[in-house]
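Sequence lines set the chain letters: A, B, ... in the order given, protein chains first and strands last, and positions in each chain run from 1. Just so it is clear, the values below take in all heavy atoms, side chains as well, and ignore hydrogens, waters and symmetry mates. Note that this is a predicted model, so its numbers are computed, not measured.
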Amino acid sequence: MSKYNPAKIEPKWQKIWRESGIYKDYSRKNKFYALDMFPYPSGAGLHVGHPKGYIATDVVSRFKMLKGYSVLHPMGWDAFGLPAENYAIQNKIHPEAAVKENIKTFKKQLGLFGFTYDWDREINTADPEYYKWTQWIFLKMFEKGLAYESDEPINWCPSCKTGLALEDLENGLCERCGTQVVQKKMRQWVLKMTEYADRLLEDLDKPSFAKASAGEEELDWEKSIMDQQKNWIGRSEGATIKFEIKLVPKTKSSERFLRLSLGKDWLEVFTTRLDTIFGCTYCVVGPEHPIIEKLKDKIKNYEEVEKYIIKAQNKTELERTDLQKDKTGVELQGVKAINPFNNEELPLYVADYVLGHYGTGAVMAVPAHDERDFEFAKKYKLPIKQVIAPDLDSYKKTIKTLEALKKLRQEARKEGIEFWLLGGLAGAFHAGIIYREHDDLDIIVKDEEQYQKIGGFLLGLGYKKIREKKVSEKLTNTIYRNDEGMEIDIGPYINQWDLKDKDFETDLKRLNESEALVLSKIFQIHLKEILRKNRIEEKDRIDLEYLKGKVFIEDGFLVNSGKYSGHPSAEAREKMTEWLEKKKIGGKKVNYKMRDWVFSRQRYWGEPIPIIHCEKCGTVGVPEKNLPVELPKVEKYEPTETGEGPLAGIKKWVDVKCPKCGGPGKRETNTMPQWAGSSWYHLRYIDPKNDKELVGKEKEKKWMPVDLYVGGAEHATRHLLYARFWHKFLYDIGSVSTKEPFEKLVHVGLIQGEDGRKMSKRWGNVINPDDVISEFGADSIRLYEMFMGPFTQNIAWSTKGVVGMRRFLEKVYRLKSKIQNPNIKTNPKSKIQNYKLDTVLHKTIKKVTEDIENFRFNTAISAMMILVNEMEKEEKISSTSYELLILLLSPFAPHIAEELWEKLGNKKSIFLEKWPEYDPKLIRDEQISLVIQINGKVRDQVEVAAGVKEEEVKKLALAQDKIVKYIDGKNIRKIIFVPDRLINFVI
RNA sequence: GGGCAUGUGGCGGAACUGGCAUACGCGUACGACUCAAAAUCGUAUGAGAGCAAUCUCGUGUGGGUUCAACUCCCACCAUGCCCACCA
């Protein structure tokens, strides 16, 4: 018999498949659309990591085909964009030529894997036939007011010489070249993605993916990717408040303040914590805020302010954010903001820790309950006023450690230290909880006399006496001093319910919980100290810091907040918002971190934006019939210094007639970003040659949504958000029938180099798939990449692992010689020749089927290996069994499967077969080995028939010598019997 | 700082809903075949103790629940990814 020779059989079958087009049966009833994230055809070619996702979709595609589906499995090229262009510039070839060349390489490489791609549907985003529709979508957005021009400062990469979207940055550096990005004010096109923010968010969770009419289904996306998107969209609900701006008169008068209303001058701020408004002690605007310019004449120290603003603007993104440096700012002297809730006059600052583009670009600062404000206030000696007291919920964490406290108490006793956990004076509530649960542990303090035991409490903690108790003025913290003179600050909130408060009972009723919780926190910390024999370790110092400096930023109960005092935060926010709305000085407001999509690039290699600027008519869309606006062929395509795209230099191309008035017009010379073409490509595959519509309605209805989308997790916040945005827009204008494009999304884990590092030229650890295929064959690499581990996990490459797969395939190949009678097929139902082997076989069918459906390819393959190992032990195997094995293997290793299938005498392709079903009767074992445990430990096992009764097993077990040895003379307290699994004797 | 993952032999990893931890593959050792090597096949392979039967320990650490925990609960540690002054 011939030897397994992949070098021969793989090209053979690839050719046959290509020519017969067996994958292109699109007439079946059920459809399955499997989509890969298409590659940029970069100059480097593929490394073994790239095809991992493609292999997975291919396995699933072939599986679905065998299951009787029509499968759409296309491939194409994301050819526009910076990487391709930079590559072209470096290699001094025209991007178009470079891309063409690279596509050829890529296509050849992909061809070696034997994928089921329908190359008739190949698309290329840089093809005018394709980008005609990218431009068309842009025009539609322009018509709907979703594409607009803006002059805001944007991120500019001085090296790539183009503007970038926020998403294209990595820590303030250009993602492509690592250059420091600067802020540059320039005209650009922006897509109003924020208009879709809520829908992009909601449709992740809500079952609104579905076709508008059909039954609803949920998005089957990985949680981590959904979380990343949610995080990126960053929705927060809050309120805006208008602070009136007043002047401080230049001359001091006997009146403390002469308020001069400026009439219309308001400062609007956004906050999610309106409940802390009474703690607002100053306001801050970002350096970009227009109010500064407006108040120019009124600000006494304008020069200083201006200097600060210029300095802030010159700071790079990195300096402004990356360094955990001191906060800086300058007071706008001469003006004050008035807190509408209590009419307090507050100083107004400009500081670059406030972002110009988020919310209203201005904030109310509450240093007692916001870390940033706290830091700033400390530095500029601004008052810090506490208005929130912690409530039970925010200290749930502390409560949960009570078990640990109990334990610690035991430990402490060993050290000869006795202590109690006491609820504080007002803490009876909380202590009550503890008391009820641990009545041996705690004492509830009920009255003032017992409060003295608070001393006892601290005493118990190793602090014999409270020597001093002082109240610091600023923070209104309570500070205790221990024997060693060490100050222990128990937080700014505790003294609100200090003993000296007259209305003890009221406090108790209203706010009791908080203090005790704080105390128990202290208690816990100090305990740790005792246990370390009064030596405070570094770790605990941090905990002490918590009580000293950490700002309480969580929700709680309001204090010092006028009539709102005593309300929980959430309730207070509602009431306060209502009040604002009534007074018409603010109200509910939702904000997003996500910004509109900066959509223009000052580069050559992208889709021209189909807009004409006319002096008379303004910006005019290119009429649909004139699409595509083709990218002119040019000699020079390098970016310019001016901030204008290279297209601006081509006068012949730029000068056109205005389609509206016929007068002179100029073309828009910016191009679209890399992500434009990929935002809708999933639709074009469905109908790639249609020159009337971007996708035909019938075909779209037939194929959408994409049933399976596989690609890298790095696209979680860009491509996947953009594509969803465009898809929703297309849904709104009636071009598509589904609200969401991708029903199931799986992210592929990286394949790292053999050294565990990212595969890259830089480390010299790149493995080329061509080499691996020529050495071991495509089926081996396919199998290996699916077998390495869980699909979504990053795993290092191992060529040794491929060797194992090759061995496995050779075993399968050799197994053929064991076939009893290769020419006569046996009916699996009538001729069960080997019950045990058939059991394994049917278990394998079950497992492989389920595992493919759940992307657990690694265990599917290991199940097949087990089956093969079993078959090897047999003298002879039936041809039926062997055929079933080949069928199971076929999605993973299609070439060898097809070859063996043919060798078995089959005339038609294996992929026209039916996927096997398992026989539920056969997957049950006849004999099982049942485990006998004594006190949960395995001591013996017995072979029994499946389904035996407890009584029988018990009898049998007690007859075993080993078991007798253990049980002899002891009382059997309990017997646990798990059918077909184990019996456990508790003695 | 926030969010999300992950932690099991020498390595990649398996274990369904709590029920024999380490399947499957790699590596290693020994053996068979061979003049020899490769390939292939067989046996062994978590750690420790013992001549042995066998026993003890063992899924990042410390606790807990349970007849029984990789799996559930609490606390902690470590690593990775993403986001990061978003008020």
Given the 90°-from-0 boundary between syn and anti, B:rG9 should be labelled syn
Euclidean distance, atom CD of residue A:Gln228 to atom P of B:rA84 [Å, nearest integer]: 11 Å
Counting distance only, does the side-chain N/O of A:His369 pair as donor-acceptor with the main-chain N or O of A:Val387 below 3.5 Å? yes
In which ranges does RNA chain B form stems of 3 or more consecutive Watson-Crick or G-U pairs, distances under 3.5 Å? B:1-7 with B:77-83, B:10-12 with B:24-26, B:27-32 with B:40-45, B:46-49 with B:54-57, B:60-64 with B:72-76
Quick one: label A:Met864 by what it contacts on the DNA or RNA (base, sugar-phosphate, nothing), any heavy atom closer than 4.0 Å. nothing
Using a 4.0 Å heavy-atom cut-off across all strands, classify A:Lys846 as base, sugar-phosphate, or nothing. nothing
Within the pair A:Arg939 and B:rC67, is there a side-chain N or O less than 4.0 Å away from OP1 or OP2? no
Counting primed atoms, P, OP1 and OP2 as sugar-phosphate and everything else as base, the B/S/- map of nucleotides 15-20 of chain B against protein heavy atoms under 4.0 Å is -B--BB
I'd like the P distance from B:rC20 over to B:rC72, given in whole Å. 16 Å
Using atom CD1 of A:Ile866 as one end and atom P of B:rA23 as the other, report the distance to the nearest whole Å. 10 Å
Under 4.0 Å between a side-chain N/O of A:Asn869 and OP1 or OP2 of B:rG25, yes or no? yes
Identify every side-chain donor-acceptor pair in residues 979-987 of chain A under 3.5 Å, counting partners at least two apart or on other chains, and give the distances.
| residue | atom | partner | partner atom | Å |
| --- | --- | --- | --- | --- |
| A:Asp980 | OD1 | A:Gly947 | N | 2.8 |
| A:Asn984 | OD1 | A:Asn935 | N | 3.4 |
| A:Asn984 | OD1 | A:Gly936 | N | 3.0 |

Closest to the 5' end of RNA chain B, once A:Ser236 and A:Ile861 are matched to their nearest nucleotides, is A:Ile861
Nearest-nucleotide pick for A:Thr272, side chain only, options being B:rA87, B:rC24, B:rC4: B:rA87
Rounding to a whole Å, what distance do you find between A:Leu867:CG and B:rG25:C1'? 16 Å
Would you confirm whether A:Asn339, through its side chain, and A:Phe278, through its main-chain N or O, come within 3.5 Å as a donor-acceptor pair? no
Looking at A:Arg814, I'd like to know whether one of its side-chain N or O atoms comes within less than 4.0 Å of OP1 or OP2 on B:rU40. no
Applying side chain to side chain donor-acceptor pair (under 3.5 Å) to A:Tyr380 and not counting sequence neighbours gives none
Across all chains, not counting sequence neighbours, the side chain to side chain donor-acceptor pair (under 3.5 Å) partners of A:Thr859 are A:Asp851
Treating A:Lys811 as the side-chain partner and A:Asn869 as the backbone partner, does any N or O pair qualify as donor plus acceptor under 3.5 Å? no
Using a strict cut-off of less than 4.0 Å between a Lys/Arg side-chain nitrogen and an Asp/Glu carboxylate oxygen, indicate whether A:Glu810 and A:Arg807 qualify as a salt bridge. no
Give the rounded distance in Å between these two atoms: CG of A:Asn231 and P of B:rA5. 13 Å
Over all strands shown, is A:Val986 touching base, sugar-phosphate only, or nothing at heavy-atom distances under 4.0 angstrom? sugar-phosphate
Return the 5'-most residue of the pair A:Lys974, A:Met805 with respect to RNA chain B, ranking by each residue's nearest nucleotide. A:Met805
Closest of B:rC41, B:rA87, B:rG12 to the A:Glu872 side chain is B:rC41
Using a heavy-atom cut-off of under 4.0 Å over every strand shown, decide if A:Arg973 touches base, sugar-phosphate, or nothing. nothing
Candidate nucleotides B:rG27, B:rC85, B:rA5, ranked by approach to the side chain of A:Arg807 - the nearest: B:rG27
For A:Trp232 and B:rG3, what is the distance between atoms CH2 and P respectively, to the nearest whole Å? 18 Å
Can you tell me, in whole Å, how much space there is between the P of B:rA32 and that of B:rG10? 29 Å
If every non-hydrogen atom of A:Leu809 is compared with every non-hydrogen atom of A:Ala893, which pair is closest and at what distance? CD2-CB, 4.1 Å
Polar pair under 3.5 Å, donor/acceptor by atom type, side chain A:Lys800, base B:rC11: no
Go through the steps to decide whether A:Tyr349 and A:Tyr282 satisfy the test ring-ring contact (aromatic ring centres under 6.0 Å, His included), and finish with yes or no. CA-CA 8 Å; A:Tyr349 279 77; A:Tyr282 64 102; 5.8 Å; yes
In whole angstroms, the gap separating P of B:rC26 from CG of A:Leu809 amounts to 12 Å
So with a 6.0 Å cut-off around CD of A:Glu943, is the heavy-atom count from everything else above 12? yes
Reckon A:Thr717 touches a base, only the sugar-phosphate, or nothing at all at heavy-atom distances under 4.0 Å? nothing
What is the distance, rounded to the nearest whole Å, between atom CE of A:Met786 and atom C1' of B:rG12? 14 Å
Once you round it to whole Å, what is the distance between P of B:rC24 and CE of A:Met865? 10 Å
Phosphate contact (B:rA87 OP1 or OP2) by A:Tyr358 side-chain N/O below 4.0 Å: yes
The criterion is side chain to side chain donor-acceptor pair (under 3.5 Å); which residues satisfy it with A:Arg573, sequence neighbours excluded? A:Asp275, A:Asp555
NA contact type, A:Gly804, heavy-atom cut-off 4.0 Å: base, sugar-phosphate, or nothing? sugar-phosphate
OP1 or OP2 of B:rG13 under 4.0 Å from side-chain N/O of A:Gln793: yes
Just call it for A:Asn858: base, sugar-phosphate, or nothing, with non-hydrogen atoms closer than 4.0 Å on any strand. sugar-phosphate
